[in-house]
Amino acid sequence: MTKTVLVRVVLVAIVVVVLLLAAFWAVQRRLIYLPDPRPVPAAASVLPGVVTAEDVRLRTSDGLDLGAWYLRPVGREPAATVLVAGGNGGNRAGRAPLAAKLAQAGLAVLLLDYRGYGGNPGDPSEDGLALDVRAAHRFLTEDRHVPPGRLVYFGESLGSAVVTELALEHPPAGLLLRSPFVDLAAVGAEIYPYLPVRLLLRDRFPVKEQVARLRVPVVVVVGGRDSIVPPSQSREVAAAASARLVEIPGADHNDPVLLDGPELVEAVLSLVPR
């Protein structure tokens with residue numbers, strides 16, 4: 001191979017790499033956020049007779065009107081209210097079984113759908129999700145008059161980052177993080193080990209860094225065989241937060257026991273003020 005040909009091959013390779021990196025930069029949020037954008041049915045039709053279920057609207061500070069579900073136990077005042085921030089996929093209908101079990105255990109629950117999820121307008125991003133969860137917090141504290149001392153945040157996977165960031169500004173009575181990652185780049189590097197993920201990511205979600213600054217009770221729930229968020233990362237988050245760690249041996253990221261299993265429900269209840 002002549003020197004000229006070699007130079008051309010190297011130049012072509014560089015162009016290909018640059019184009020691939022540019023493509024990743026352009027579409028990265030489509031790889032991070034996997035919403036089910038379809039409108040969800042009415043809350044009462046999904047959970048008829050089990051709990052008091054209400055469709056509510058959340059107004060964000062940038063002008064979006066988001067749908068959410070608000071559930072309460074039947075026939076009694078809730079012991080606390082749980083703000084549930086889901087992961088990067090699906091919509092609030094998939095979290096209905098968890099919300100029903102929490103309500104049956106005596107808690108009120110707000111199931112949040114982010115922008116772009118569950119029929120909501122907008123496109124998800126780190127900054128956008130921060131605005132969405134603040135709209136949920138305002139609804140609970142201003143519209144429903146929930147005292148901060150009776151508010152528990154629940155974050156599922158990506159939602160762990162969302163509620164951790166909220167907790168820095170509005171500390172709750174307790175924080176439940178299910179399958180949290182150290183930061184988005186750390187988990188992205190596990191999925192795309194051949195890409196310079198940390199250099200390319202627009203959204204950061206620095207969970208470990210932020211949770212270390214909190215002074216609220218934290219429980220971390222982790223599946224021992226999580227194939228999406230490495231259990232070692234969840235353990236790092238727990239150590240940084242001085243949290244109680246609840247590890248469920250053999251459980252993968254989306255196994256039923258991590259979606260609404262008894263260990264998960266009990267972990268939430270352990271954070272309810274007595």
Side-chain angles (χ1 to χ4, degrees), residues 78-88 95 98-99 101-102 105-112 126 129-130 132-134 136-137 140-141 146-187 204-224 226 228-249 251 253 257-274:
T81 298
V82 184
L83 194 171
V84 176
N88 69 323
R95 282 89 187 177
L98 169 65
K101 290 181 180 179
L102 293 176
L107 306 177
V109 183
L110 180 66
L111 276 183
L112 165 69
E126 182 175 12
L129 269 57
D132 299 344
V133 78
R134 278 166 174 74
H137 182 270
L140 290 174
T141 57
V146 178
R150 289 287 167 182
L151 190 54
V152 174
Y153 300 163
F154 179 111
E156 171 199 309
S157 193
L158 181 75
S160 295
V162 177
V163 294
T164 296
E165 196 271 340
L166 175 68
L168 288 173
E169 184 176 334
H170 300 289
L175 183 67
L176 189 292
L177 306 180
R178 200 278 271 177
S179 306
F181 46 73
V182 167
D183 55 41
L184 191 58
V187 76
R204 299 294 173 169
F205 293 112
V207 182
K208 179 182 174 181
E209 173 193 323
Q210 292 181 335
V211 80
R213 294 155 53 194
L214 293 176
R215 295 297 179 265
V216 301
V218 181
V219 176
V220 171
V221 178
V222 55
D226 196 315
I228 295 178
V229 176
S232 59
Q233 291 198 26
S234 295
R235 297 186 197 111
E236 279 191 59
V237 171
S242 300
R244 183 168 73 90
L245 180 66
V246 177
E247 185 157 343
I248 303 176
H253 194 79
V257 68
L258 284 179
L259 298 179
D260 55 30
E263 296 93 339
L264 188 63
V265 173
E266 181 54 41
V268 177
L269 291 173
S270 72
L271 290 167
V272 174
R274 303 303 177 185

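Predicted model, so just to flag it, every value in this text is computed and none were measured. We use all heavy atoms of the structure for the numbers below, so side chains are in, but hydrogens, waters and symmetry mates are not.
- Between Leu166 and Leu83, the closest side-chain pair of non-hydrogen atoms falls below 4.5 Å.
- Scored by the side chain to side chain donor-acceptor pair (under 3.5 Å) test, Ser179 finds Asp226 as partners (sequence neighbours excluded).
- We find the CG-CG distance between Leu176 and Leu102 to be 9.0 Å, quoted to the nearest 0.5 Å.
- The side-chain heavy atoms of Leu177 and Tyr153, taken from C-beta on, include no pair separated by under 4.5 Å.
- With Glu165 contributing its side chain and Phe205 its backbone, the two residues share no donor-acceptor pair below 3.5 Å.
- Between the OG1 atom in Thr141 and the CZ atom in Arg134 there is a gap of 12.0 Å [rounded to 0.5 Å].
- The shortest distance between side-chain heavy atoms of Phe154 and Val163 does not fall below 4.5 Å.
- Contact of the Glu126 side chain with the Pro206 side chain is registered, since non-hydrogen atoms from C-beta on lie closer than 4.5 Å.
- Proximity of Glu263 to Val257: side-chain heavy atoms (C-beta onward) are separated by under 4.5 Å at one or more points.
- Thr164 places no side-chain N or O within donor-acceptor distance of the main-chain N or O of Ala161, the cut-off being under 3.5 Å.
- Rounding to the nearest 0.5 Å places CG of Leu158 at 12.0 Å from CD1 of Ile228.
- Contact detail for Ala173 and Gly149: the closest heavy-atom pair is CB-O, 3.4 Å.
- When all heavy atoms of Pro148 and Pro171 are compared, the closest pair comes out as CB-O, 4.3 Å.
- Distance alone, capped at 3.5 Å, places no donor-acceptor pair between the Thr81 side chain and the Val109 backbone.
- Side-chain contact between Leu214 and Val211 is present, with heavy atoms from C-beta onward closer than 4.5 Å.
- Looking at residues two or more places apart in sequence or on another chain, you find a side chain to side chain donor-acceptor pair (under 3.5 Å) between Asp183 and Arg198.
- Put simply, the side chain of Arg178 gets close to the backbone of Leu258: a donor and an acceptor are under 3.5 Å apart.
- The shortest distance between side-chain heavy atoms of Val187 and Val182 does not fall below 4.5 Å.
- Here the side chains of Val82 and Val272 are not in contact, with every heavy-atom distance at 4.5 Å or above.
- Between Glu266 and Lys101 there is no salt bridge, since no side-chain nitrogen of the basic residue lies less than 4.0 Å from a carboxylate oxygen of the acidic one.
- Residues Leu98 and Leu259 come closest through the heavy atom pair CB-O, 3.6 Å.
- Taking OG of Ser242 as the reference point, atom CZ of Arg215 lies at 7.5 Å (rounded to 0.5 Å).
- In this pair, His137 and His170 present their aromatic rings parallel. The plane angle is below 30°, not in the 30 to 60° band.
- The ring pair (Phe, Tyr, Trp, His ring centres under 6.0 Å) check on His253 picks up nothing, with sequence neighbours excluded.
- In this structure a side-chain-to-backbone donor-acceptor pair under 3.5 Å is present from Arg150 to Ala79.
- Across all their heavy atoms, Pro180 and Ser234 have their closest contact at O-OG, 2.8 Å.
- Ser270 and Arg244 make their closest contact through OG-NH2, 2.9 Å (heavy atoms, listed as atom of the first residue, atom of the second, distance).
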